[in-house]
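Everything numeric here is computed off the predicted structure, so don't read it as measured data.
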There are 2 protein chains.
Amino acid sequence: MADLLSVAKLAGVSRATAARAFSNPELVRALTREKVLKAAEQLSFRPNKVAQQLRSQSTQMIGVMVPSLDNPVFAEQLQAMEVTARASGYSLIVTTSEYDASQESEIVEEMLRQRVDGLVLTVADADNSAVLNKLLYEHPPCLLVYNPPGQSGFPSIGVDNLAAGADATHHLIEQGHTRISMVAGPLLQSDRARQRYAGYCQAMAAHDLIPRPLVEMPRHTQANLACLTPELEGEYHPSAVICTNDLLAISLIGELQRAGFAVPNDLSVMGFDGIALGRHLYPSLCTIEQPRAAIGQAAIHTLLSMINGEMPNPAPLPHVLRSGESVGAPAITPSLSITP
Amino acid sequence: MADLLSVAKLAGVSRATAARAFSNPELVRALTREKVLKAAEQLSFRPNKVAQQLRSQSTQMIGVMVPSLDNPVFAEQLQAMEVTARASGYSLIVTTSEYDASQESEIVEEMLRQRVDGLVLTVADADNSAVLNKLLYEHPPCLLVYNPPGQSGFPSIGVDNLAAGADATHHLIEQGHTRISMVAGPLLQSDRARQRYAGYCQAMAAHDLIPRPLVEMPRHTQANLACLTPELEGEYHPSAVICTNDLLAISLIGELQRAGFAVPNDLSVMGFDGIALGRHLYPSLCTIEQPRAAIGQAAIHTLLSMINGEMPNPAPLPHVLRSGESVGAPAITPSLSITP
DNA sequence: CTGTCGAATGAGATCGATCTCATTACAACA
DNA sequence: TGTTGTAATGAGATCGATCTCATTCGACAG
């Protein structure tokens, strides 16, 4: 590919002049500028960003790490980040960590070698993260998404998961539910799930209801009805469950229906995240909607401000309760029908 | 950030020796090497990839462009590509085009300036693509995904959409359906949808059934029942419909159920793509599964071979019919119940 | 015709790693 | 002790764009 020197030669000028014709056209005589542009055209010259990056000590690239793109929450957020970043002249290097600490570490190291101008990370657990500790020591512009701010020392974009967990619980209580359980993926991996559970516990307690232990499923995004069966058939016999994410909720609803349960008549199910598809299912999914597009945009804008040397302290973004057909009033004293 | 020169100084050697300590350790005396490594450690030296890229004329970066990450098909494929690329030491620059030709053009231009080693593209319509024409003229390593090979002149990874469309249709015919319609998003934008429709037409004709005109919906991934109503209530009165992608099918099922139709009893619905979630719904989605992970892997491996100067001609990957509860046998002579 | 000022241009250094080629150092051997 | 061969190292160029500083050019006033 043609470089600036060959353009300059063809135009009969020096590299400096050729460069100016592009970056500071007003410093170049109109005639000369045209000669340069014509030469560039002829050689189909395309400026080499790598050289520009080396020279300017800035890559205009942002490193993004999400746990997985198989979960629409992250994919949809990434979509918003990409659009926003490109509109500001930045490119994204995208990686997935599978919530794996050693991969997280390698990925961040690689991105720092690439001299990205900043990092947007979603880690498994921001409070116990080897990567974050390393980064804290080097303090490049770095922002967490979805991870609660906590003690990590990095700014964070996301909703208030505790309040959101409480709101979800309140919503069910308002519908008349008193026996509510919560379902999550492998607990220890996710700080969000823990906070949402804490919100649930708070809300239950605020209504003098006793929170139940979290029901853990073996996978993050796929329900296993067998794990819930003891709870459903036990003496607590919940009339509603909250899942810590939408995929879990959707697949739980499917399993319940296939097993002959009616949703919401036999059991109300709430999700968490608000993925787009949830609206179009039947029953439509009642969920706490995280403003994914806003999160993606805010993440990029906040990071860009950090790159410019500011030290923002972004407020949590508002979540919205999206009501849906998967939640209804509890059946009338249903527990009586199975308790003696 | 410390550079190699400061490391060299601290270690009391020249830049060349310091560089060798990393890239050709066997050329350096053990003692010297240790001094260099210790100095690098002390300064927390991190090699600058931008400089390496400029020097080596190779970025180890792949430019990826997909229409949208809001559709799990692309997100899941991207997930597979990222894992595969990283395992080979490559990074991905990810962009979304919204099927928009002018964005496609800007994106590709930007990636070429970045001197990516290769491109993986999914364009709206490979046969009428301004970007592809431009690229053809410059011939960087470039690969299409999902787009049928066609006349574009670029290798392509994906399934045989025509055969897949025919297989879907055959499946329904085997179940006893004779009145089958097909539903798509905005037609003109997607070469895949066209091919799938062509497959449907072929299969119908092969069974002496008359294919119906495509029912177009205003959005790619969200069904609008009203668009289908004329077909359902008209004299053709299909007992089954095929959607050109899963999101369309899932949301159509939701709309149907909400309107009081039973799936599959009143209408069987097939999808296309095989996104993960489809399995866990009730009714589970009957669909043509594209091997997304295999496609992602094959895309990266094929592109890497192109980067190495080969000119591969990848075969279409096999699609699989995933049966599901959204398709059943047609109701018995249902047309008689509404025709006089 | 010369001096001056500003506009236009060019020469060379720079960013950081790495490669080539030359040089040094040291050991073995005559 | 001088020679030769090899291992180890260093000096300098290179990748491509851009910035600084110096120089040239042209016009115009004196």
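- Within residues 29-52 of chain B, the residues having any heavy atom closer than 4.0 Å to DNA chain D are, in order of number, B:Arg29, B:Thr32.
- Applying the side chain to side chain donor-acceptor pair (under 3.5 Å) test to B:Ser44 and every residue at least two apart in sequence or in another chain returns nothing.
- Atom-to-atom, CG of A:Leu27 to C1' of C:dT9 comes out at 11 Å; the value is rounded to the nearest Å.
- When the nearest nucleotides of DNA chain D are assigned to B:Val28 and B:Ser56 by heavy-atom distance, the more 5′-ward of the two goes with B:Val28.
- Axis deviation across the helix from C:dC1-D:dG30 to C:dA30-D:dT1 amounts to 70°, comparing end segments of five pairs, rounded to 10 degrees.
- Rounded to whole Å, the distance from CD on B:Gln60 to P on C:dA17 is 17 Å.
- Counting only N and O atoms by type, the side chains of A:Gln77 and A:Gln290 include no donor and acceptor under 3.5 Å apart.
- Taking 4.0 angstrom as the limit, A:Gln57 places a side-chain polar atom (N or O) nearer than this to OP1 or OP2 of C:dG16.
- With sequence neighbours excluded, the residues forming a side chain to side chain donor-acceptor pair (under 3.5 Å) with B:Ser58 are B:Asp117, listed by chain and number.
- The shortest heavy-atom contact between B:Ala18 and B:Ala8 is CB-CB, 3.9 Å.
- Within the 4.0 Å cut-off from OP1 or OP2 of C:dT9, not a single side-chain nitrogen or oxygen of A:Ser14 is found.
- One can place CD of A:Gln53 at 11 Å from P of D:dT18, the figure rounded to the nearest angstrom.
- The side chain to side chain donor-acceptor pair (under 3.5 Å) search around A:Gln195 returns none, not counting sequence neighbours.
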Distance-only criterion, 3.5 Å: show the donor-acceptor pairs between side-chain atoms of residues 303-317 of chain A and protein atoms not counting sequence neighbours.
from	atom 1	to	atom 2	distance (Å)
A:Ser305	OG	A:Thr302	O	2.7
A:Asn308	ND2	A:Leu304	O	3.3

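- Counting only residues at least two apart or in different chains, ring-ring contact (aromatic ring centres under 6.0 Å, His included) contacts with residues 132-158 of chain B comprise B:Phe74-B:Tyr146.
- Rounded to whole angstrom, the span from the CG atom of B:Leu5 across to the C1' atom of D:dG10 amounts to 13 Å.
- B:Arg20 is linked by a salt bridge (Lys or Arg N to Asp or Glu O under 4.0 Å) to nothing, counting only residues two or more places apart in sequence or in another chain.
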Check nucleotides 19-22 of chain D against the protein and report each pair of N or O atoms closer than 3.5 Å, with its distance, or say if there are none.
from	atom 1	to	atom 2	distance (Å)
D:dC19	O4'	A:Arg55	NH2	2.9

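- Among residues two or more places apart in sequence or in another chain, the ring-ring contact (aromatic ring centres under 6.0 Å, His included) test is passed with B:Phe22 by B:Phe45.
- Applying the side chain to side chain contact (heavy atoms under 4.5 Å, CB included) test to B:Arg15 and every residue at least two apart in sequence or in another chain returns B:Leu5.
- The CD atom of B:Glu26 sits 13 Å away from the P atom of D:dT9 (whole-angstrom rounding).
- Between the CZ atom of B:Arg115 and the C1' atom of D:dC15 there is a distance of 11 Å, rounded to whole Å.
- Applying the ring-ring contact (aromatic ring centres under 6.0 Å, His included) test to residues at least two apart or on different chains, none of the pairs has a partner in residues 112-134 of chain A.
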